[in-house]
Every structure is written in C-alpha cells, then in structure tokens.
**Q** 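Submitted below is the structure of interest, expressed as structure tokens.
What you see is a predicted model, and the numbers here were worked out from it, not measured in a lab. Count residues from 1 along the sequence.
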Amino acid sequence: AASDVTVHWDVLLLVLFSAIAAKLLHRVSGKGSQWVLKLTLPEPSSLTQLRTDVAKLKEQLRGISMTEQFADYARLKRRINRQETELGSQESVHRSNQWKRRIIADGVCFFLIEASRIGIILFNRQTPVILMPPEYLWPLARILSFPTGTLGALGVPVWALL
C-alpha cells in the first residue's frame with residue numbers, strides 16, 4: 001500500500017535536481033566551452049589581417065592577365081602562396097590553442113559535476129531516499145539499501161547512479 005512507503009522529499013529532490021543538472025551540463029558543456037573559448041581566446045588580429053591581405057591580393061590577381069603580364073602575375077601568385085602558407089600555420093597554432101583550452105574547460109566542467117555528485121552521496125549516504133517494506137525490493141533489498149543499513153531503503157548512491 002502507499003502508506004507503507006516513506007519518502008524523504010528533501011533528499012529525493014536534491015538528488016533528482018543534481019542528476020538533471022548534471023545531464024544538462026553534460027549536454028551543453030561542448031557548446032558552453034566553445035562560447036567561453038570565443039570570449040577568452042579571440043582570433044588574433046594578425047590572423048584577421050593576414051586573411052584580409054590574402055583576399056586583397058587575390059582580387060588584384062584577378063585583375064592581371066596571365067598571358068599579357070606573366071611576370072607580375074607569377075610574382076603576385078608566389079606572394080599569395082607565401083601568405084596562405086603563413087595563414088595556414090597561424091590558423092593551426094590558433095586551433096591548437098583552442099583545442100587545449102577546450103579540453104581544460106571540459107575537464108573542469110566534468111570535475112565539478114562529478115565532485116557535486118560525490119559530495120551529495122557522501123553527505124547523504126546514511127539517509128534513505130525512499131523507505132518501503134523489504135519484500136517490495138526482493139531480491140535486491142540489501143544491495144539497494146547500501147549504505148543506509150536500513151533494509152527496504154533506497155539509498156542516495158542508488159539514485160545518484162541513475
């Protein structure tokens with residue numbers, strides 16, 4: 001019957017809220033870390049300037065006839081190639097820095113989520129979340145009641161692992 005079941009609402013709501021918050025943080029951590037990266041590690045102005053210079057040079061190249069002004073065309077083409085190579089190497093360094101910071105941000109987020117879960121388990125380990133007759137949970141009553149020590153109780157670790 002329903003009167004046989006006792007619910008500790010404060011602990012149940014704490015565990016459910018932390019589980020929902022952890023799931024949400026796991027889902028948005030990738031997008032959140034990208035947003036933080038854009039704020040903390042903006043694209044260097046030299047990279048933006050180099051991109052602009054390459055675009056201007058390519059525009060100049062379109063205005064030169066390859067057959068009539070071959071020397072100017074070849075010189076400009078070599079200059080564009082050098083700047084594109086430099087642009088590629090700078091972009092590679094920037095992406096590498098972003099990747100390193102994203103790994104750190106994701107690691108910090110994961111650590112905070114798991115530390116909060118461990119804290120909830122440690123501080124509420126003796127409190128049963130739901131208390132019911134042991135026969136409702138047979139044959140898993142002893143495992144599910146760990147570490148409360150109360151037979152027929154569902155402990156916080158069981159809820160936190162859901």
**Q** Could you check Arg79, Glu84, Glu86 and say which one makes a side chain to side chain contact (heavy atoms under 4.5 Å, CB included) with Val54?
**A** Glu84

**Q** Thr48: which residues meet the side chain to side chain donor-acceptor pair (under 3.5 Å) condition with it, sequence neighbours left out?
**A** Glu43

**Q** With Trp138, which residues qualify under side-chain contact (heavy atoms from CB on, under 4.5 Å), at least two apart?
**A** none

**Q** Who pairs with Asp53 by side-chain contact (heavy atoms from CB on, under 4.5 Å), at least two apart in sequence or on another chain?
**A** Gln49, Gln83

**Q** Salt bridge (charged side-chain N to carboxylate O under 4.0 Å, His left out) with Arg62: which residues, sequence neighbours excluded?
**A** Glu59

**Q** I'd like to know if the side chain of Ser92 reaches the main chain of Gly88, judged simply by a donor and an acceptor atom lying under 3.5 Å from each other, with no hydrogens or angles considered.
**A** no

**Q** Mind checking the CE-CG spacing from Met66 to Leu76? Nearest 0.5 Å is all I need.
**A** 13.0 Å

**Q** Thr148 and side chain to side chain contact (heavy atoms under 4.5 Å, CB included): which single residue from Thr150, Leu144, Leu151 fits?
**A** Thr150

**Q** According to side-chain contact (heavy atoms from CB on, under 4.5 Å), who are the partners of Phe146, at least two apart in sequence or on a separate chain?
**A** none

**Q** Taking all non-hydrogen atoms of both residues into account, name the closest pair between Gln90 and Ser46 and its distance.
**A** OE1-OG, 3.5 Å

**Q** Give the cluster check for Phe111 versus Ile120: same hydrophobic cluster or not, with ILVMFWY residues linked at side-chain heavy-atom distances below 4.5 Å.
**A** no

**Q** Where is the tightest heavy-atom contact between Pro147 and Pro157, given as atom of each residue plus distance?
**A** CD-CG, 3.5 Å

**Q** According to a hydrophobic-cluster definition based on side-chain heavy atoms being under 4.5 Å apart (Ile, Leu, Val, Met, Phe, Trp, Tyr only), do Ile118 and Ile113 belong together?
**A** no

**Q** For residues Ala141 and Pro134, report the shortest heavy-atom separation together with the two atoms involved.
**A** CB-O, 3.9 Å

**Q** Residues two or more places apart in sequence or in another chain: which of them pass side-chain contact (heavy atoms from CB on, under 4.5 Å) with Ser65?
**A** Thr67, Glu68

**Q** Answer yes or no: are there more than 12 heavy-atom neighbours, outside Arg51 itself, under 6.0 Å from its atom CZ?
**A** yes

**Q** Hey, any chance Leu131 and Leu12 share a hydrophobic cluster, counting ILVMFWY side chains that come within less than 4.5 Å of each other, even indirectly?
**A** no

